[in-house]
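Notes follow the structure.
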Amino acid sequence: MKLSFKCLPVGNLPYENNELATKLTIKLFDNIPFLADLPNADDEDNLLNRTLEGVPGFKLKHKRVIVEDSNRHKLKLTQMDAIFNNPDIDKLEEFKFHTFFLDRYLQIIERIKPRETVVNLLGPLTIAQLIENKEASQILADKFYRKLFIQTVAIRALWIIHRIKEVSPDTLPIIILEEPLLGRFGDLKRENEELTRDVIVNMYAKITQKIKEFHGAVGIQCFEKCDWKIPIDAGVDLISFDAYTNPNNINIIAEHVNNFLMGGGRINWAIVPVMTEARVKELTIDKLYDRFIKTVEALVLAGVSEYYAYNRASVSIQGNTDKLPLIFAEKAIILAKQLSRKIPTIKAHPTPDSNQ
């Protein structure tokens, strides 16, 4: 199923209860509801807990990760390996997670039965950099740990995909791996030559393949400058980047991006700033539209087909809104939705004989 959404819901929401989060979801994201974190309702509601809490082998402490290295842990890893290779539904239940909005989110999915839905998890490269031990910066070079990260993220994703499909079989779950530390890969590589680009591509490819086998789609989101060839080469369906602060991040790989879009990939332009109240206060839809067009046109000038640049585009805010006053948080989200409705549709096809 080809991704079709125009406005990608991202970030923590500013609400203190499920009711307000539900109203916003139904009003703005009825075609693509998402499992939002609500840290103002529960300060333990975050992606780190969602991805790792209760998973054998990990202990969470003050938003850091401690990895157990024991015979018991290695036995659990063997069990995870069996589940990863044969994702039995009953066994997946051992890796369920709960977030503040989860029950309400599944109720929304069951009632609306949207074409697409989004669930964010923390990505394996970022998890590795949160490890609290003496080898923290090089832990990804260890095949044992890398396998652990791959299987943890994949199994967590498979469980939520199953839950979504239970209530709405035709809905496409899009699992977005949040990788805020993807931009540090160059530093990790310099610290350990064994941590090659191919190693990271392979890691993402294994997770992506497993999620697609379970009838899901995969995106990578990073709002720092990074090498976007890595997730593209891993076969992801979506890349989501900060198009407000780093608008030229993908222009330098225009040919790569063009091939990605031609193959059905999608780009999310996180172009609505939310870093400060003052920045949001001055936003208007006209200013945002002008900035979006100029940013996309720069990619077109770099060599990407105009047809694909616009027709495979979505927009979003550029981060979390839970620290903003409610009026400004909602303004930014509403503006992103309004901007998505103004994305030009290019009808002239670059290759008339193509069926893309």
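- Atom NZ of K91 is surrounded by 12 or fewer heavy atoms from other residues, nucleotides or ligands within 6.0 Å.
- Contact check for K23 versus K27: no side-chain heavy atoms found under the 4.5 Å cut-off.
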Is there a salt bridge (Lys or Arg N to Asp or Glu O under 4.0 Å) between D45 and R50 once you walk through the steps?
CA-CA 7 Å; D45 204 22; R50 180 188 296 188; 5.3 Å; no

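- Between V296 and V304 there is no side-chain heavy-atom pair separated by less than 4.5 Å.
- Contact annotation: the side chain of K113 never approaches that of I109 to less than 4.5 Å [non-hydrogen atoms, C-beta and beyond].
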Can you list the steps and then say if I220 with E178 is a side chain to side chain contact (heavy atoms under 4.5 Å, CB included)?
CA-CA 6 Å; I220 298 283; E178 296 266 10; over 6 Å; no

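- At distances below 3.5 Å, at least one donor-acceptor pair connects side-chain atoms of D227 with backbone N or O atoms of K229.
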For Y289 and V315, what are the C-alpha separation, side-chain angles and deciding distance, and is it a side chain to side chain contact (heavy atoms under 4.5 Å, CB included)?
CA-CA 11 Å; Y289 180 73; V315 294; over 6 Å; no

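- Residues L177 and P124 approach most closely at CD1-CD, 4.4 Å, considering heavy atoms.
- Considering CD1 of I164 and CD of E166, their distance stands at 10.5 Å, rounded to 0.5 Å.
- The local environment of NZ in K165 is crowded, with over 12 non-hydrogen atoms from other residues, nucleotides or ligands closer than 6.0 Å.
- Within the 4.5 Å cutoff, side-chain heavy atoms of M80 are placed close to those of L148.
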Full working for side chain to side chain donor-acceptor pair (under 3.5 Å) between Y204 and E179
CA-CA 11 Å; Y204 286 136; E179 286 285 21; 2.7 Å; yes

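- When all heavy atoms of F223 and I317 are compared, the closest pair comes out as CZ-O, 4.3 Å.
- Atom CG in N202 sits 11.0 Å away from atom OG1 in T208 (nearest 0.5 Å).
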For L188 and I200: C-alpha separation, side-chain torsions, deciding distance, then whether side chain to side chain contact (heavy atoms under 4.5 Å, CB included) applies.
CA-CA 11 Å; L188 296 179; I200 305 303; over 6 Å; no

Run the numbers on F185 and I230 for side chain to side chain contact (heavy atoms under 4.5 Å, CB included), then give the verdict.
CA-CA 10 Å; F185 169 64; I230 291 174; 3.9 Å; yes

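- Other residues, nucleotides and ligands place no more than 12 heavy atoms under 6.0 Å from the CD atom of E255.
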Using the salt bridge (Lys or Arg N to Asp or Glu O under 4.0 Å) rule, take D237 and K212 through it: C-alpha gap first, then chi angles, then the decisive distance, then the call.
CA-CA 10 Å; D237 304 285; K212 289 185 176 183; 3.4 Å; yes

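- Without hydrogens or angle criteria, T171 side chain to P114 main chain gives a donor-acceptor distance under 3.5 Å.
- With T51 contributing its side chain and G123 its backbone, the two residues share no donor-acceptor pair below 3.5 Å.
- Of all non-hydrogen atoms in N320 and V274, the two that sit nearest each other are O-CG2, 3.6 Å.
- Nearest heavy atom pair, residue N268 against residue S240, reads ND2-OG, 2.9 Å.
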Evaluate Y105 against E110 for side chain to side chain donor-acceptor pair (under 3.5 Å), listing each step before the verdict.
CA-CA 9 Å; Y105 163 77; E110 185 171 18; over 6 Å; no

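- Closest approach of L125 to L181, counting heavy atoms only: CD2-O, 3.4 Å.
- In terms of modelled atom types and a separation under 3.5 Å, the side chain of D242 and the main chain of T245 share a donor-acceptor contact.
- With contacts defined as side-chain heavy-atom distances shorter than 4.5 Å, the pair L172/T117 does not qualify.
- Residue I267 is not grouped with residue Y244 when hydrophobic side chains (ILVMFWY) are merged at heavy-atom distances under 4.5 angstrom, including chains of intermediate members.
- Side-chain atoms of I346 and Y308, non-hydrogen and from C-beta on, never get closer than 4.5 Å to each other.
- Of the possible donor and acceptor atoms, one in the side chain of S340 sits under 3.5 Å from a partner among the backbone N and O of K337.
- In this structure, I293 places its CD1 atom where more than 12 heavy-atom neighbours from other residues, nucleotides or ligands lie under 6.0 Å away.
- Counting heavy-atom neighbours within 6.0 Å of E282 CD, excluding the residue itself, gives a total above 12.
- A donor-acceptor contact closer than 3.5 angstrom is absent between the side chains of N40 and E16.
- Other residues, nucleotides and ligands contribute over 12 non-hydrogen atoms within 6.0 Å of the CD atom of E213.
- Within a 6.0 Å radius of NZ in K210, other residues, nucleotides and ligands contribute more than 12 heavy atoms.
- A donor-acceptor pair under 3.5 Å links the side-chain atoms of N85 to the main chain of D81, judged by distance alone.
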Test D187 against R184 for salt bridge (Lys or Arg N to Asp or Glu O under 4.0 Å), laying out the working first.
CA-CA 5 Å; D187 295 332; R184 294 186 188 176; over 6 Å; no

R104 and T22: side chain to side chain donor-acceptor pair (under 3.5 Å), yes or no, with the steps?
CA-CA 7 Å; R104 186 64 61 86; T22 299; 3.1 Å; yes

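- In this structure, D42 contributes its side chain and F100 its backbone to no donor-acceptor pair below 3.5 Å.
- Using modelled atom types and a 3.5 Å distance limit, the side chains of Y310 and E297 yield a donor-acceptor pair.
- Looking at R156, its side chain does come within 3.5 Å of a backbone N or O of F95 through a donor-acceptor pair.
- Residues L122 and L52 fail the side-chain proximity criterion, which asks for heavy atoms closer than 4.5 Å.
- Side chains of N31 and E116: a donor-acceptor N/O pair is absent below 3.5 angstrom, by distance only.
- Annotation: cation-pi geometry not satisfied between R312 and Y307 (NZ/CZ under 6.0 angstrom from ring centroid, within 45° of ring axis).
- A donor-acceptor pair is defined here as one N or O able to donate and one able to accept, closer than 3.5 Å; no such pair exists between the side chain of T321 and the backbone of L324.
- In this structure, the side chain of N17 engages the main chain of L20 through a donor-acceptor pair within 3.5 Å.
- In this structure, L24 is a member of the same hydrophobic cluster as L326, with clusters built from ILVMFWY side-chain heavy atoms closer than 4.5 Å.
- The number of heavy-atom neighbours closer than 6.0 Å to NE2 of H215, taken from other residues, nucleotides and ligands shown, is 12 or below.
- With a 4.5 Å cut-off on side-chain heavy atoms, L8 and I176 count as touching.
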Start with the C-alpha gap between R146 and D142, add the side-chain angles, then the distance that decides, and say whether salt bridge (Lys or Arg N to Asp or Glu O under 4.0 Å) holds.
CA-CA 6 Å; R146 199 159 62 243; D142 187 313; over 6 Å; no

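- Taking a cutoff of 4.0 Å between a charged side-chain nitrogen and a carboxylate oxygen, R197 and D233 qualify as a salt bridge.
- Annotation: ring pair (Phe, Tyr, Trp, His ring centres under 6.0 Å) contacts of F97 (sequence neighbours excluded): W159.
- No cation-pi contact links K281 to F328, judged by a cut-off of 6.0 Å to the six-membered ring centre and 45° from its axis.
- Shortest non-hydrogen contact noted between I26 and R111 is CD1-NH2, 3.0 Å.
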